[in-house]
Number of protein chains: 2
Amino acid sequence: MHAMVEKTRQPKGLRDITRDAVRNSISDVAVDLSAERGFDAVTVEDIAQTVGISARSFHRYFPAKEDAVLGDSTPWGELVREVVATRPDDEPVWQCLQTAYEALLGQFGELDARMKRRLRVLGSTPSLRARNMEKHLQWEAMLTPLIAARLPGQNTTLRARTIIQASLACWDIALATWAEESETRSAGHLLALTFAELSPNTAGPGA
Amino acid sequence: MHAMVEKTRQPKGLRDITRDAVRNSISDVAVDLSAERGFDAVTVEDIAQTVGISARSFHRYFPAKEDAVLGDSTPWGELVREVVATRPDDEPVWQCLQTAYEALLGQFGELDARMKRRLRVLGSTPSLRARNMEKHLQWEAMLTPLIAARLPGQNTTLRARTIIQASLACWDIALATWAEESETRSAGHLLALTFAELSPNTAGPGA
DNA sequence: GCCTAATCTGTCAGATCCTGTCAACTATGG
DNA sequence: CCATAGTTGACAGGATCTGACAGATTAGGC
């Protein structure tokens with residue numbers, strides 16, 4: 001089905017296996033129902049009943065209804081941080097970030113169809129977009145010290161936050177465009193397009 | 001249909017005056033209490049009781065608790081759109097956007113202290129930051145056609161969205177930094193710093 | 001000044017989301 | 001087999017937000 005990341009921890013016993021399975025079921029049902037009726041028109045009770053669990057159990061798997069659609073993006077953020085950390089010190093930050101995001105796209109791989117549906121629901125629901133950006137704030141906090149250390153000159157933290165937020169905008173817009181029905185270009189290509197619009201200053205602000 | 005109501009720029013009757021006054025009172029109380037205890041630790045009931053109204057009336061003035069702190073940013077967005085629309089066609093988009101944001105800073109003017117408190121609460125509450133970005137999405141929708149028309153080459157909409165989101169990131173980060181306790185630089189200066197980090201590509205993507 | 005209509009407010013009721021608690025159930029390990 | 005720990009369902013409760021209705025306040029016309 002889907003090869004999971006070994007980095008986090010692979011399920012040890014029957015408990016962890018069933019837990020991951022239930023988690024995926026909830027997420028799938030949440031995306032499906034939201035795609036049909038719209039996210040706001042679907043209640044937690046609806047999702048839980050479709051899966052076959054109680055509403056209370058739903059919240060034991062996901063803290064909020066939004067998270068059932070968004071999934072847990074923390075491991076992905078960690079992956080980005082990891083890639084950035086292992087890049088050569090003299091590599092320009094924009095190129096460095098683009099490489100990291102491309103690595104993230106590689107992880108998607110097999111989940112294309114599922115991911116597109118998810119992104120479509122995400123793009124059509126304001127509260128989901130908000131929650132998604134909230135998670136990006138955690139990415140920013142993780143990446144800021146790494147990026148700041150790579151920047152020459154002054155105000156490195158301020159400038160690092162600016163670059164990271166801008167790159168996340170590139171990421172979001174590229175993915176949202178990729179998920180559109182009529183879009184045929186690859187996610188990597190779209191990501192390159194958005195990055196190209198902002199990254200020309202690879203020589204640094206002083207150049 | 002919509003030609004009747006221009007905007008509540010100037011209250012016409014006693015009703016509108018009192019309504020604006022109550023609205024400001026609610027907003028002030030919401031910011032004050034949130035600054036003291038934290039936004040999540042303040043209930044709508046607390047705010048309403050402090051102002052002297054019922055919780056139901058609170059929701060007649062603000063649809064959500066977040067909006068009481070954030071206020072209505074729609075008129076700000078319209079101002080930005082207006083400034084951008086009146087700029088010369090051959091002006092680079094980044095310079096154009098920076099001018100528009102600076103005009104926005106000029107509008108703040110007298111509200112410095114109040115605005116700083118508001119921004120501090122905003123920066124310390126993830127859900128508020130997310131809601132704020134959600135409002136920026138409306139700005140993006142408003143500005144995208146204007147900016148896209150100014151871009152040469154292909155994929156103008158995709159690139160316009162990227163630039164707008166990036167510029168909004170500059171705006172947010174500059175304001176958040178400006179509101180910090182130890183910060184002494186002006187908001188305009190900080191805005192120039194963040195813009196300088198991304199705007200070097202004023203010659204366009206092909207250069 | 002008075003009356004009618006529009007608007008605002010408070011109160012009540014309800015839907016939904018989310019959390020705490022507790023007893024019953026199940027897998028794991030000795 | 002049994003003890004422990006994790007999971008679940010059921011109930012209760014707080015909080016946000018909305019709809020409905022009745023009373024109060026205000027605006028405009030007489």
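Sequence lines set the chain letters: A, B, ... in the order given, protein chains first and strands last, and positions in each chain run from 1.
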Distance in angstrom units between [X] [atom1] and [N] [atom2], rounded:
{"X": "B:Phe39", "N": "D:dT16", "atom1": "CZ", "atom2": "P", "result": "8 Å"}
{"X": "B:Asp40", "N": "D:dT16", "atom1": "CG", "atom2": "C1'", "result": "12 Å"}
{"X": "A:Phe58", "N": "C:dT16", "atom1": "CZ", "atom2": "P", "result": "14 Å"}
{"X": "A:Arg56", "N": "D:dG14", "atom1": "CZ", "atom2": "C1'", "result": "14 Å"}
{"X": "A:Phe62", "N": "C:dC17", "atom1": "CZ", "atom2": "C1'", "result": "16 Å"}
{"X": "A:Ile17", "N": "D:dT7", "atom1": "CD1", "atom2": "P", "result": "14 Å"}
{"X": "B:Leu128", "N": "D:dT16", "atom1": "CG", "atom2": "C1'", "result": "14 Å"}
{"X": "A:Ile26", "N": "D:dT7", "atom1": "CD1", "atom2": "C1'", "result": "13 Å"}

Just to be sure I understand the rule, does A:Val42 reach a base, reach only the sugar-phosphate, or reach nothing, if contact means heavy atoms closer than 4.0 Å? sugar-phosphate

Regarding B:Thr43, tell me which of base, sugar-phosphate or nothing describes its non-hydrogen contacts under 4.0 Å with the strands shown. sugar-phosphate

Counting side-chain heavy atoms from C-beta on, which of [options] comes nearest to [X]?
{"X": "A:Tyr61", "options": "D:dT16, C:dT16, D:dT7", "answer": "D:dT7"}
{"X": "B:His59", "options": "D:dT16, D:dA20, C:dC18", "answer": "D:dT16"}
{"X": "B:Val44", "options": "C:dT11, D:dC17, D:dT8", "answer": "D:dC17"}
{"X": "A:Lys65", "options": "D:dA15, D:dC17, C:dC17", "answer": "C:dC17"}

Over 60° means perpendicular and under 30° means parallel, so classify the ring planes of B:Trp76 and B:Phe108, tilted if in between. perpendicular

Taking only residues two or more places apart in sequence, or in another chain, which ones meet A:His136 in a side chain to side chain donor-acceptor pair (under 3.5 Å)? A:Asp172

Pairs of donor and acceptor atoms involving the side chains of residues 47-60 of chain A, under 3.5 Å and at least two apart or interchain, shall be tabulated with distances.
{"unit_1": "A:Thr50", "atom_1": "OG1", "unit_2": "A:Asp46", "atom_2": "O", "d": "2.8"}
{"unit_1": "A:Ser54", "atom_1": "OG", "unit_2": "A:Ser57", "atom_2": "N", "d": "3.2"}
{"unit_1": "A:Ser54", "atom_1": "OG", "unit_2": "A:Ser57", "atom_2": "OG", "d": "3.2"}
{"unit_1": "A:His59", "atom_1": "ND1", "unit_2": "A:Ala55", "atom_2": "O", "d": "3.4"}

Does A:Arg161 pair with A:Glu140 as a salt bridge, N-O distance under 4.0 Å? yes

Is any side-chain heavy atom of B:Asp67 closer than 4.5 Å to one of B:Asp72? no

Identify, between B:Arg60 and B:Ala64, the residue whose nearest nucleotide on DNA chain D lies closer to the 5' end. B:Ala64

Is there a donor and acceptor pair closer than 3.5 Å between the side chain of A:Arg19 and the base of D:dG6?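 Counting by modelled atom types and ignoring angles, no donor-acceptor contact under 3.5 Å is found here.
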
Has B:Ser57 got a side-chain N or O lying under 4.0 Å from the OP1 or OP2 atom of C:dG10? yes

